[in-house]
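Since the model is a prediction, treat every value here as computed from it, not as a measurement.
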Amino acid sequence: MSNLMRIESRSNPRIKEYRRLKDKKERMETRKYLVEGFRLVEEAFKAGMDIEAIIYDEDEDNGFETYIRPHLKNETVIVATKEIVKDLSSTQAPQGIVAVVSINPEIEEKPGLVLYLDRIQDPGNLGTILRSAHAGGASRILVSKGTVDPYSEKAIRSSMGSIFHVAVAMNGEEELENYLAKGYRLAITSLEAKHSLYREDLTGNLVIAIGNEGSGVSEELIEKSDLHLKIPMPGNAESLNAAVAASIIIFERVRQLEES
């Protein structure tokens, strides 16, 4: 195996460098983030991500041999102590492996569906939206200011690896203007909408804005929007979870495309 090393000290400079990636500012500056768990790291390999290093627990050889070794090329592999891996992990029960991955590789972008995340606060919601966006064929996720970091551990884990397959743009406001200039329609959810989303045409080039869990989409987006979508709720609930609402809209679009 090429680039194999063993590290036993938590104060090793390389380990200290990777530990700093637990901070959002460091992730944005270095364009790198941490991925935890054998299945997620394997998915990163399968998706063709640029992986700088693998750090794994010396007691997890079986998992390493099963999920990681078949995919290795020239990545640095660090055999470390359980304490070091736990130090790099953000979960209560680390799975014994962490990978250092580069942000935003070249992911093929196709016309069609784009999602705009407007101040989404919960990383679990963001990860679930990413998962539905990937499954529903979205080509890009636009992240607004005030939205939780999609490269946080919880968001990555909630996405179940979908973050490796959908391009993410952190300058969401600027990107949204570019898409609208290209002729994309902007759809928002609104309780005041006149028609159910099941009566609206969701095909063609479309940006779906998903609003903040508490306050919904901003007034600025409402003014720019072309489509106001109402999700029928015969049970008279006050609202839906942001990720659930996003999934319903995405897959209504999928249904329409299937029938067109």
Peer 1: Please check if the number of heavy atoms outside Tyr67 that lie under 6.0 Å from its OH is greater than 12.
Peer 2: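 Counting neighbours around OH of Tyr67, 12 or fewer heavy atoms of other residues, nucleotides or ligands fall under 6.0 Å, so no.
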Peer 1: Name the residue from Ile15, Val79, Thr81 that meets the side-chain contact (heavy atoms from CB on, under 4.5 Å) definition with Glu8.
Peer 2: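 When side-chain contact (heavy atoms from CB on, under 4.5 Å) is applied between Glu8 and each of Ile15, Val79, Thr81, only Thr81 qualifies.
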Peer 1: Going by an N to O cut-off under 4.0 Å, is there a salt bridge joining Lys32 and Glu52?
Peer 2: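 The answer is yes: the pair qualifies as a salt bridge.
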Peer 1: Going by distance alone, is a donor N or O of one side chain under 3.5 Å from an acceptor N or O of the other, for Asp61 and Tyr56?
Peer 2: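 There is such a pair between these side chains.
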Peer 1: Any carboxylate oxygen within less than 4.0 angstrom of a Lys/Arg side-chain nitrogen, looking at Glu26 and Arg31?
Peer 2: no
Peer 1: CZ of Phe164 to CZ of Phe45: how many Å apart, nearest 0.5 Å?
Peer 2: 10.5 Å
Peer 1: Can you name the residues that form a side-chain hydrogen bond (donor to acceptor under 3.5 Å, both in side chains) with Ser247, not counting sequence neighbours?
Peer 2: Ser132
Peer 1: Would you say the side chain of Asp57 lies within less than 4.5 Å of the side chain of Ile97, judging by non-hydrogen atoms?
Peer 2: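 They are not in side-chain contact.
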Peer 1: For the pair Ser215 (side chain) and Asn212 (backbone), establish whether a donor and an acceptor sit closer than 3.5 Å, ignoring hydrogens and angles.
Peer 2: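 Absent.
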Peer 1: Check whether any side-chain heavy atom of Arg20 lies under 4.5 Å from a side-chain heavy atom of Glu17, and answer yes or no.
Peer 2: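 In short, these two side chains touch, coming nearer than 4.5 Å.
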Peer 1: Hey, does Ile54 have a side-chain heavy atom less than 4.5 Å from the side chain of Thr76?
Peer 2: no
Peer 1: How about Tyr151 and Val168: do any of their side-chain heavy atoms sit closer than 4.5 Å?
Peer 2: yes
Peer 1: Any side-chain heavy atom of Ile78 sitting closer than 4.5 Å to one from Arg14?
Peer 2: yes
Peer 1: Indicate yes or no: at least one non-hydrogen side-chain atom of Tyr116 is less than 4.5 angstrom from one of Val143.
Peer 2: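 No, every pair of side-chain atoms sits at 4.5 Å or beyond.
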Peer 1: Please list all pairs passing the ring-ring contact (aromatic ring centres under 6.0 Å, His included) test where one or both residues lie in residues 128-149, with sequence neighbours left out.
Peer 2: His134-His165
Peer 1: Charged N to carboxylate O below 4.0 Å: is that the case for Glu252 and Arg255?
Peer 2: yes
Peer 1: With salt bridge (charged side-chain N to carboxylate O under 4.0 Å, His left out) as the rule and sequence neighbours excluded, what pairs involving residues 197-215 come up?
Peer 2: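 Sorted pair list comes back empty.
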Peer 1: So Glu58 and Lys82, salt bridge (charged side-chain N to carboxylate O under 4.0 Å, His left out) or not? Walk me through it.
Peer 2: CA-CA 7 Å; Glu58 58 191 344; Lys82 191 179 300 292; over 6 Å; no
Peer 1: Side chains of Ser190 and Lys230: does their closest heavy-atom pair fall under 4.5 Å?
Peer 2: no
